[in-house]
Every structure is written in C-alpha cells, then in structure tokens.
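Data first, discussion second: the structure below is written as structure tokens.
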Amino acid sequence: MKMHHYSTTVNWTGNTGKGTQNYTGYTRDHAITVDGKPVIPGSSDPAFRGDPSRYNPEELLLASLSSCHMLWYLHLCAEAGIIVTQYADTATGVMEETANGSGKFTCATLNPRVTVQHTGMIEKAIELHKKANTMCFIANSCNFPVLHNPTCTAGT
C-alpha cells in the first residue's frame, strides 16, 4: 500500500491587538500556505463573523470534492477514449448547525457540465461519473453522501 503525506500551514492573522479577549474582538482571518504555492486567504463563513471576501473551510471542502471528482473523471475519460473538451462544476453542500453551535455537512451535490467531442460519447461520459465517485480520495473520506447531477453535451 502506498502512503502519501501532505502538509499545510494555517496562520491566524486576525489578532486586532487584544487576541481573543472577547468573541467580537478578533477577526477570523487566516492564511493557508503550502510551501512553494500561492497563499489562500481564509476566514470563517460570514454567518460566523467571517470575511465574505475570503475562502471559508466549507467552500474549500466543496472545492476539494469537486476538483478531486473532476481529476478522476478526466483520467477515466482519457482511458475510455472519451474526449472531454470542457468541464465545469458548481458544487453545493448542506451543513447542519446544531443547538450547541457545532455542525456537520449532511450532503454535497456536484453538478458537472461536460462537453465531449461528439454525441456518440455522451452515454459513456455520463456513466463514468459513477466510477469517478468511487475513485475520488476526498469523497471516500467523507461521512456524508456526495451526489452527482451531471449533464453532457457534444461539441467543441
């Protein structure tokens, strides 16, 4: 079995001078870094006093699911001779907040819009989303359903 190791650094940048002296006295801003890559500006969701101009963990979770699925899907299409010319996904998710303030995602839905080279590829192209879901590292790590609502057209 191959093991892959990953490392990220999260630095809180929201100390406005008094640290966490009170709940409203600091920002949720932080920087997500990986050596040699651009910084990702993070915060919490605006519902939790976050900066709406920065990425929040919930958005990044959906982006991880969506991009992992896409990468597996493109790989499987290439192996199957399905020529994908365009791919876009608008992923959505539902997070349930509990009475004590904690919460969890209850589902995510990927909505990939795929264009393939010609109509004879459409049926197999749609079918490959199921296999991509079973292969996706991120989806396999989630304890909630990851649903798919793909569309496929032919053209360039």
H75 and W72 aromatic ring geometry - parallel, tilted or perpendicular at 30°/60° bounds: perpendicular
In this structure, NE2 of H148 is separated from OG1 of T109 (nearest 0.5 Å) by 9.0 Å
Over all heavy atoms of both residues, which pair between N56 and E58 is shortest? Give the atoms and the distance, please. OD1-OE1, 2.8 Å
With a cut-off of 6.0 Å (strictly less than), are more than 12 heavy atoms of other residues, nucleotides or ligands near CG of D35? no
With clusters defined by side-chain heavy atoms of hydrophobic residues (ILVMFWY) lying less than 4.5 Å apart, directly or transitively, does L76 cluster with L110? no
Heavy-atom donor-acceptor pair, S66 side chain to L62 backbone, under 3.5 Å: no
Side-chain heavy atoms under 4.5 angstrom apart, residues restricted to Ile, Leu, Val, Met, Phe, Trp, Tyr: same cluster for L147 and I138? no
C68 backbone acceptor or donor facing Y73 side chain under 3.5 Å: no
Does the H30 side chain pair with the main chain of R28, one donor and one acceptor, at a distance under 3.5 Å? yes
Min side-chain heavy-atom separation E96-K104 under 4.5 Å: yes
Reported OH-to-NE2 distance for the pair Y87 and H69, which is rounded to 0.5 angstrom: 4.0 Å
Distance in Å, N133 CG paired with L65 CG, rounded so as to fall on 0.5 Å steps: 9.0 Å
Residues N111 and D89: side-chain donor-acceptor under 3.5 angstrom: no
Hydrophobic cluster membership, M70 vs I126, 4.5 Å side-chain cutoff: yes
Decide whether R113 and T153 meet the rule of one side-chain donor and one side-chain acceptor closer than 3.5 Å. no
Determine, using the 4.5 Å side-chain heavy-atom cutoff (strictly less than), whether V10 and L60 are members of one ILVMFWY cluster. yes
Atom CD of residue position E97 - does it have more than 12 heavy atoms of other residues, nucleotides or ligands inside 6.0 Å? yes
Under a 3.5 Å distance rule, please check whether Q21 uses its side chain to pair with a backbone N or O of K18 as donor and acceptor. no
Taking S141 for the side chain and F137 for the main chain, is one N or O donor matched with an acceptor at less than 3.5 Å? yes
Write down the atom of T16, the atom of G25, and the distance for their closest heavy-atom approach. OG1-O, 2.6 Å
Looking at Y55, I want to see if its OH is surrounded by more than 12 non-hydrogen atoms of other residues, nucleotides or ligands under 6.0 Å. no
Using side-chain contact (heavy atoms from CB on, under 4.5 Å), reason through C152 and V116 one step at a time and then give a plain yes or no. CA-CA 7 Å; C152 187; V116 295; 3.8 Å; yes
Heavy-atom pair with the smallest gap, counting every atom of V146 and A139: CG2-CB, 4.2 Å
Taking all atoms of both residues into account, what is the closest heavy-atom pair of H118 and A154, and its distance? C-CB, 3.5 Å
In the structure I gave you, are the side-chain heavy atoms of I82 and L128 within less than 4.5 Å of one another anywhere? yes
Under 3.5 Å: donor-acceptor pair, side chain of T115, backbone of G155: no
Answer whether the closest heavy-atom distance between the side chains of L61 and F105 falls below 4.5 Å. yes
Output yes when a side-chain donor or acceptor of N140 lies under 3.5 Å from a complementary backbone atom of C136, and no otherwise. yes
Is there a side-chain contact between N15 and T13, using heavy atoms and a 4.5 Å cut-off? no
Is there a donor-acceptor pair closer than 3.5 Å between any side-chain N or O of S43 and the backbone N or O of G50? no
ILVMFWY cluster, L74 and I122 together (side-chain gap under 4.5 Å): yes
Give me the atom names and distance for the closest heavy-atom approach of A80 to K124. CB-CE, 4.3 Å
Let me confirm one number: the NE2-SG distance from H129 to C77, rounded to the nearest 0.5 Å. 7.0 Å
Parallel, tilted or perpendicular for Y23 and Y26, by the 30°/60° rule? perpendicular
